[in-house]
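Below is one structure, written out as structure tokens; comments come after it.
Worth knowing before you read on, the calculation uses all heavy atoms, side chains too, and leaves out hydrogens, waters and symmetry mates. Letters go in sequence order (proteins before strands), and every chain restarts at 1.
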2 protein chains.
Amino acid sequence: MASRAKATILDIAREAGVSKSTVSLVLQGSGLIRPETAVKVRKAIEDVGYVYNRGAANLRKAHSNVIGMVINDLTNPFFAELAVGMERVFQAAGVVPFIANTAENPVRQQEVLKSMMEQGVAGLIVSPARGTTPGAFRRIEAAGVPVVFAMRRLPESRIPAIAPDNRRGACLATEHLIRKGHRRLAFFGGSSDLVVYQERLGGFLEACEAFAIPVADRTIVEGETSRKGGMACLETALAMPDPPTAALCFNDAVAFGVILALRKRGLEAGADFAVVGFDDVAEAEHYSPALTSVAVDTAGLGERAAHVMLKMIQSRTTRAEDHIGAVSLVVRESSGPNRNSQVGDAA
Amino acid sequence: MASRAKATILDIAREAGVSKSTVSLVLQGSGLIRPETAVKVRKAIEDVGYVYNRGAANLRKAHSNVIGMVINDLTNPFFAELAVGMERVFQAAGVVPFIANTAENPVRQQEVLKSMMEQGVAGLIVSPARGTTPGAFRRIEAAGVPVVFAMRRLPESRIPAIAPDNRRGACLATEHLIRKGHRRLAFFGGSSDLVVYQERLGGFLEACEAFAIPVADRTIVEGETSRKGGMACLETALAMPDPPTAALCFNDAVAFGVILALRKRGLEAGADFAVVGFDDVAEAEHYSPALTSVAVDTAGLGERAAHVMLKMIQSRTTRAEDHIGAVSLVVRESSGPNRNSQVGDAA
DNA sequence: TTGATTTATTGGAACGTTCCATTTATAGGA
DNA sequence: TCCTATAAATGGAACGTTCCAATAAATCAA
């Protein structure tokens, strides 16, 4: 059944009675070929079950048609949504994205990046693993392969990043809680080695300043960015002398954890304690209670990252501007009704 | 910064004062090279920032080191877990898995498969999109590239499949509900164009037969395999004259939807209506109420699929046996306490 | 010393494509 | 009719590797 030696364009040329150059031209859809000849060649291609060898072609051609997407945690639906947005754009451009998972492991990340470079990718879209060293992309940059960071950025790096306006999102969410009447606020989850964390925490603190929340009434609990981490954060906070009455969470996973931990204690998110998440994953809307969250337009960011990448490839540059995606607060049940009217919601 | 013309093996040879063949040997870790020479060459490689060109190498070598994973829905955490299991095995074997998403679209799937073939993958692990035609893999088989189906199989196809024991899992879960005292049972979600659906529904019916549940007391509602689909199924079922008191769901997403729909009606899963899911995704344990579900050892299936693939590649065959993974019922809160003692739970 | 053996290294052909410079066929203009 | 312009098709070199057969250098046995 399986024809042993795989067919090449020379086999097709023989089959169709033309030269290999003609076959190559047909393969590339050149207009120089007489239509009848093209038909004849295409039939031969079909007959021999020919498979185009892109590796051989890339040996001659300037650039390949594959782009690598290197993602730090594929099990987080958030990144899957990002990937889906990118794929839409790339597909239309005739580019194939290959995805690889680094599982938040910098060593694994280096292996994956090396592999992708060896395959001759035209560009790389990366959501860097936690703990990525600043030098990790030096060789790739030196090779002239464009890199775009998505969602996360590295502390000191000239690589363009596409990310949501974390600071503003956190600020909006915190204001929302303050306007609801909360005066003792918490920020739950994440850790300071992530730039994203610093941005989101920064927005939280900015809003606290603006509304003159005393430092003593701000509770910051670092923790894993998962359900489990969220549960732990709540326990820690409620064990304090003057516990907070509301929390902005690093992301939705943490927020879900907080809601579960509240329920375990017989408390209800929204009624007894206000909870706001970040990212607005698909699940937020269907949770119980529905989660108030900062929407970041994940798929849109993916599309934008893809567009920036295509432009970089086209203009043969390794530089581009950062893009900050707009954010919006989606108010649902988990942040509860107004608490009292200590703070008016004028303006 | 970016050195224009990329370095080749010849540049390294010149730099190190050896021949290109020697460099090639070093690259492959051959023991024929004198250690000092190898060191000298490796230094040159580092100095010029050389990137290995796998495309060129594959032109000569029999087989490449990349394997394609084609997945029908990356946003389902279930498939991400599967991917993680495979990656563990492939990494150890020095093989790089590239993942692509088909978003349950057979046309997109064909494009992705074509692309992967063109890249010269050594093998393909596929969770076929719904509506895949039986001929979709003919050319790939003819080319002698091994294919393994994961989780799903195609109606008539000799391609080996790695999947959980769906029938037995559904049977176990249904028995569990019957032993709890339920007599009017439902099967929610999925549709009959999927082999998996037929297997799971088959297990449900088998248990119904075994315990002599009359046909009139079995409710089967097809629907989307998502939260939304689950919500719709429950509404449909409760609107019936003699509604069921328990449901086995096609998968966990459907089950979560059923739980949400119950809550919307003021009912509680477990107490008022028993719900059992399928797949036991990570979230099941942390849901509220915690979801009783059929555990399929997703990561384990991924590992097994990867092993089968490696063996096929090694023995140059395109045939292998199917693997049916063991399943087990994880009982949590959503299936509720015993209802009454119409059916004893002896044995 | 010499030849035989082992150890390291090397040149060249091949892999399947693209692309340039040519060649060949076709049509148009006088 | 011949020449020119255009259209269509072609051969050959190049891309960066691997691998075979061959060479060169080092070691050994006599």
Donor-acceptor pairs under 3.5 Å, side chain of residues 32-41 of chain A to any protein atom, not counting sequence neighbours: which ones?
from  : atom 1 : to    : atom 2 : distance (Å)
A:R34 : NH1    : A:E36 : OE1    : 2.9

### Query
Taking only residues at least two apart or on different chains, which pairs with a member in residues 89-106 of chain B satisfy side-chain hydrogen bond (donor to acceptor under 3.5 Å, both in side chains)?
A:E87-B:N101, A:E111-B:Q91, B:N72-B:E104, B:E104-B:R152
### Heavy-atom donor-acceptor pair, B:R153 side chain to B:V196 backbone, under 3.5 Å
no
Distance check needed: [N] [atom2] versus [X] [atom1], whole Å only.
X: A:K6; N: C:dT17; atom1: NZ; atom2: P; answer: 11 Å
X: B:K61; N: C:dC15; atom1: NZ; atom2: C1'; answer: 13 Å
X: B:Q119; N: C:dT17; atom1: CD; atom2: C1'; answer: 14 Å
X: B:I9; N: D:dC19; atom1: CD1; atom2: P; answer: 11 Å
X: B:N58; N: D:dT18; atom1: CG; atom2: P; answer: 10 Å
X: B:R60; N: C:dA13; atom1: CZ; atom2: P; answer: 12 Å
X: A:N53; N: C:dC15; atom1: CG; atom2: C1'; answer: 9 Å
X: B:L59; N: D:dA14; atom1: CG; atom2: C1'; answer: 12 Å

#### Entry: Strand contacts (DNA chain C) in residues 18-43 of chain A, 4.0 angstrom heavy-atom criterion
A:K20, A:S21, A:S24, A:Q28
#### Entry: Residues which pass side-chain contact (heavy atoms from CB on, under 4.5 Å) with B:R60, listed by chain and number, not counting sequence neighbours
none
### Query
Salt bridge between A:E46 and A:R42, side-chain N to carboxylate O under 4.0 Å?
no
### Query
How does each nucleotide of nucleotides 22-27 of chain D score, in 5' to 3' order, for protein heavy atoms under 4.0 Å: base (B), sugar-phosphate only (S), or none (-)?
------
Give, for atom [atom1] of [X] and atom [atom2] of [Y], the distance between the pair rounded to the nearest 0.5 Å.
X: B:Q109; Y: B:T132; atom1: CD; atom2: OG1; answer: 4.0 Å
X: A:L82; Y: A:I125; atom1: CG; atom2: CD1; answer: 8.0 Å
X: A:K114; Y: B:Y52; atom1: NZ; atom2: OH; answer: 9.5 Å

### Task
For the helix from C:dT1-D:dA30 to C:dA30-D:dT1, measure the angle between the helix axis at one end and the axis at the other, each built from five pairs, rounding to 10°.
50°
### Message
Checking A:Q28 against A:S24: is there a side-chain donor and acceptor pair closer than 3.5 Å?
### Response
yes
### Message
Can you confirm whether the side chains of B:S19 and B:T22 place a donor and an acceptor under 3.5 Å from each other?
### Response
yes
### Message
Looking at every non-hydrogen atom in both residues, tell me the closest pair between B:M309 and B:P146 and how far apart they are.
### Response
CE-O, 3.6 Å
